[in-house]
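One structure is given below, encoded as structure tokens.
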Protein chains: 2
Amino acid sequence: MSQMGYCRLMTLDREQVLRSAAALLTRKSTATMDEVARAAGIGRATLHRHFAGRDALVGALEDLGIQEFEAALDTAGLDEGSAEDGLRRFVAAVQPAAGLLSFLVTENQLFEGDDVNEGWNRLDARVAAFFRRGQERGEIRIDLTPAWLTEALYGLIGSCAWAVQDGRVAAQDFPYMIVELLLGGARRSVEK
Amino acid sequence: MSQMGYCRLMTLDREQVLRSAAALLTRKSTATMDEVARAAGIGRATLHRHFAGRDALVGALEDLGIQEFEAALDTAGLDEGSAEDGLRRFVAAVQPAAGLLSFLVTENQLFEGDDVNEGWNRLDARVAAFFRRGQERGEIRIDLTPAWLTEALYGLIGSCAWAVQDGRVAAQDFPYMIVELLLGGARRSVEK
DNA sequence: AGTCGATGGGACGTTGATGTCTCAAATGGG
DNA sequence: CCCATTTGAGACATCAACGTCCCATCGACT
């Protein structure tokens, strides 16, 4: 009747399975349930005991991604200091989850928007609000809408995550490449 | 047995089928062969007479995308005038094919890189060379590698195409949003 | 040692997409 | 007006992935 130890072990396993599934699906988004199970070192039956099906797995992955994204937003402290420093801290904090986020974004795109997880709306709103505050404080251009800047940030995170995986960008340059391009742009100006 | 819906449209050119397939797969990348056929206004059998299978269809779509991408590069005249003007012309020229390009990029990502169409390498090389020339002429920052700028351009094109499709960005702002962000960045500086 | 629960492997049946085939009907040219 | 070609629709087999189930095995706790 020792439910305590039993439950804790289960959740740990579930967490590990989720991590390895994220790592695999990040690289191969069409991976089979069997491949996911093998990658986690468990049998397909056990995988189905943890997650009712593929939808449930992707759903759990979605929750995990949203949670990590939100945690990155929280720990970054977007509003402390300049917009640039806040964004730099955020991108650095979100880097470990970048691949997962990229996977979830494309997964969401081909999902016929019935019941989208409202967590995305909350995150979008936080990021867009960050850019809007930057505009109000005169740090961010006003001719680029917060919605577009948010979308562009996601796109750059996904592109850079893929470039890192392909070896075209060094992992340590991830935050620099994204923030410098998003904020500073590629144009070489006199004062820089 | 008069099928009223189909009498009107006679021999549909392979080109037209490709166009409608591109338009559909851009929105729903997992569309069925049957859906592709219906979207083109033809039967599934006829679709198979034009393209041996799904792989052949995607391959033809790939060739079409590469061709349009290259045509955009040619008509834009990247090297005429400043890098900014060249990029602006190119993004405007590539806008009609942006959705297709986005589809092909993600399709290529989940493709286990066996025999990648070498057309992509050629296009990547041209774009990267454009950025490199901009660096040599002092117009482009040298701390952002041409490979990353190329990747970022693709990412921004895909993100903006999706944002336009979702109504978050006006179609007429497509070139402006991309070029301004990629070259100028979001930071509000004094001289701007 | 004995028991209980979890695991993994495998064997199902089901589903959805694919590719191939045939045939009737429609089209267009001669 | 007739005939060759093309088309759409449907039937059919195939295949891969999914989801479910069973059972032998293993590990942990008593």
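FYI, side chains are in, hydrogens and waters are out, and symmetry mates aren't considered; it's all heavy atoms of this structure.
- Side-chain contact, N108(A) with N117(A): no donor N or O sits under 3.5 Å from an acceptor N or O.
- Neither V105(B) nor V94(B) shares a network with the other; the hydrophobic side chains, linked directly or stepwise wherever heavy atoms of I, L, V, M, F, W or Y lie under 4.5 Å apart, form separate groups for each.
- Using a 4.0 Å heavy-atom criterion, one finds that R44(A) contacts the bases of the nucleic acid, with or without backbone contacts as well.
- Screening F69(B), F131(B), F130(B) for a ring pair (Phe, Tyr, Trp, His ring centres under 6.0 Å) involving F90(B) leaves a single residue, F69(B).
- One interatomic measurement links the two molecules: CD1 of I42(B) to P of dT27(C), which rounds to 17 Å at whole-angstrom precision.
- In this structure, F51(B) places its CZ atom 15 Å from P of dT18(C), rounding to the nearest Å.
- Separating the CZ atom of R14(A) from the C1' atom of dA6(C) is a distance of 17 Å, rounded to the nearest angstrom.
- For H50(A) and dA6(C), the NE2 to P distance is 10 Å, given to the nearest whole Å.
- Comparing dG19(D), dT18(C), dG8(D) by their nearest atom to the side chain of M33(A) picks out dG19(D).
- The base of dG8(D) sits with one of its N or O atoms less than 3.5 Å from a complementary donor or acceptor on the side chain of R49(B).
- Where A31(B) and G41(A) each meet DNA chain C at their nearest nucleotide, the meeting point lying more 5' is that of G41(A).
- The pair E139(B)-R133(B) fails the salt-bridge criterion, with no side-chain N (NZ, NE, NH1 or NH2) lying under 4.0 Å from an Asp/Glu carboxylate O.
- Comparing T32(A) and L47(B) along DNA chain D, the residue whose closest nucleotide (by nearest heavy atom) sits nearer the 5' end is L47(B).
- Protein atom NE2 of H48(A) is 17 Å distant from nucleotide atom C1' of dA6(C), rounded to whole Å.
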